[in-house]
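Take a look at the structure set out below.
What you are looking at is a predicted structure, and each value in this text was computed from that prediction instead of being measured.
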Amino acid sequence: YLTMPKKRLTDTPLNDANRPVFRAAGLTDREMTYSLERCVPEVAKIIRRAADQLAKRPELWPVFIGPTGCGKTFASIVLAKIWSGPRVADPEQGIDDEWYQAFRFVTWGDVVRRLTATWGIRSSTETEADVFRDLGERARLLIIDDVGIAGAGPEERSRVWLQDIMDARYRREFPTILTSNLSLPGLCEAVDPRTASRIEGRGLAYEFPALDYRFLEGAGELAQ
């Protein structure tokens, strides 16, 4: 699994060379600008604490809990950029494959839509097995945003899908970051019991302040 770089807690500078690999990880242009230096203080404290704990035990899974707009997604992306360390990409050669394998960002709704798309008769781009292999085995560092969201797909099937992905990562000791609007007990109730056991046994839960920074004046990049 990946280990925390022995350096100051900052993320990889965004430049023309690594912009393609950030995009390949699944980040939007706005999310590419997320950095520890641009965090509001409350979120920065959580990121620093999580990074310090993961430097000692990288096999643990951060679980960011809190309501919409409190900074969970922001924190997960910054932590992943710190955790995966700097990667050098040659613009002339395209995407740095090592970095691509190291860091991926997905929402759970997107995962469900990607999996249900494989059911179509005309679907020829990938199979369910391809999706599980990509997220469970290839992505060395994975962020799954909005886990437990209601209406993301058929409930029981969604639970099984999440369990399959998490189990693959658990067995490989691959780092995984989860975010959820649910409380930790609520999240464990919403997922498969086997997934809940892994979250409770390996998760590092961080509760975010119940405040929507998007509506705060002067909250910086997080409020835009």
Side-chain angles (χ1 to χ4, degrees), residues 1 24-28 31 50 59-77 79-80 100-208 210 212:
Y1 42 75
L27 301 186
T28 65
E31 290 164 345
E59 77 279 6
L60 297 179
W61 294 347
V63 182
F64 292 157
I65 299 294
T68 299
C70 66
K72 304 183 301 296
T73 300
F74 192 106
S76 67
I77 291 172
L79 179 59
Y100 173 74
Q101 292 185 36
F103 174 24
R104 295 289 301 282
F105 172 84
V106 295
T107 68
W108 182 241
D110 286 341
V111 174
V112 170
R113 284 186 288 272
R114 184 176 169 187
L115 283 163
T116 53
T118 66
W119 297 348
I121 298 176
R122 296 185 177 85
S123 177
S124 59
T125 55
E126 60 183 359
T127 65
E128 278 193 12
D130 293 331
V131 178
F132 292 134
R133 190 177 303 110
D134 182 35
L135 300 179
E137 302 175 17
R138 187 179 184 195
R140 293 296 188 89
L141 170 57
L142 177 67
I143 301 171
I144 306 181
D145 201 29
D146 288 331
V147 177
I149 185 172
E155 185 175 352
E156 288 304 318
R157 189 177 291 271
S158 293
R159 290 184 179 189
V160 172
W161 283 338
L162 180 61
Q163 163 58 22
D164 288 344
I165 293 170
M166 299 300 286
D167 183 62
R169 303 188 64 77
Y170 181 88
R171 287 185 281 107
R172 290 168 176 78
E173 296 193 340
F174 281 176
T176 308
I177 304 173
L178 306 177
T179 80
S180 180
N181 289 352
L182 303 174
S183 65
L184 187 60
L187 174 61
C188 290
E189 184 177 344
V191 300
D192 184 274
R194 295 166 296 174
T195 307
S197 176
R198 284 158 173 73
I199 291 174
E200 292 176 326
R202 182 164 285 184
L204 284 172
Y206 300 89
E207 187 172 354
F208 281 62
D212 193 334

About how many Å separate [atom2] of [Y] and [atom1] of [X], when rounded to the nearest 0.5 Å?
X	Y	atom1	atom2	result
Leu142	Thr176	CG	OG1	5.5 Å
Arg172	Glu137	CZ	CD	4.0 Å
Thr195	Asp164	OG1	CG	8.5 Å
Thr107	Asp146	OG1	CG	6.5 Å
Ile144	Met166	CD1	CE	5.5 Å
Ile199	Leu178	CD1	CG	5.5 Å

Legend entry - Axial cation check for Tyr170 ring with Arg198, 6.0 Å and 45° limits: yes
Side-chain heavy-atom pair [X], [Y] within 4.5 angstrom cut-off:
X	Y	answer
Glu207	Phe64	no
Ile143	Ile77	yes
Val131	Trp161	no
Leu204	Trp61	no
Asp110	Phe105	no

So which heavy atom on [X] is nearest to which on [Y], and how close?
X	Y	result
Thr118	Thr127	CG2-C, 3.7 Å
Ala25	Phe103	CB-O, 3.2 Å
Leu184	Ala205	CD2-CB, 3.8 Å
Val112	Ser158	CG2-OG, 4.0 Å
Phe208	Pro67	O-CD, 4.5 Å
Val191	Ala196	CG2-N, 3.7 Å

For [X] and [Y], indicate whether the former's side chain and the latter's backbone hold a donor-acceptor pair under 3.5 Å.
X	Y	result
Lys72	Val63	no
Arg169	Arg140	yes
Arg194	Gln163	no

Legend entry - Residues which pass salt bridge (Lys or Arg N to Asp or Glu O under 4.0 Å) with Arg114, listed by chain and number, not counting sequence neighbours: Glu126, Asp134
Inset, instruction - Under the side chain to side chain contact (heavy atoms under 4.5 Å, CB included) rule, what do Tyr206 and Leu79 come out as? Steps first, then yes or no, please. - result: CA-CA 13 Å; Tyr206 300 89; Leu79 179 59; over 6 Å; no
Inset, instruction - With sequence neighbours excluded, tell me which residues meet side-chain contact (heavy atoms from CB on, under 4.5 Å) with Ser180. - result: Ile65, Leu182, Leu187
Inset, instruction - Verify whether one side chain among Thr73 and Asp145 offers a donor that lies under 3.5 Å from an acceptor in the other. - result: yes
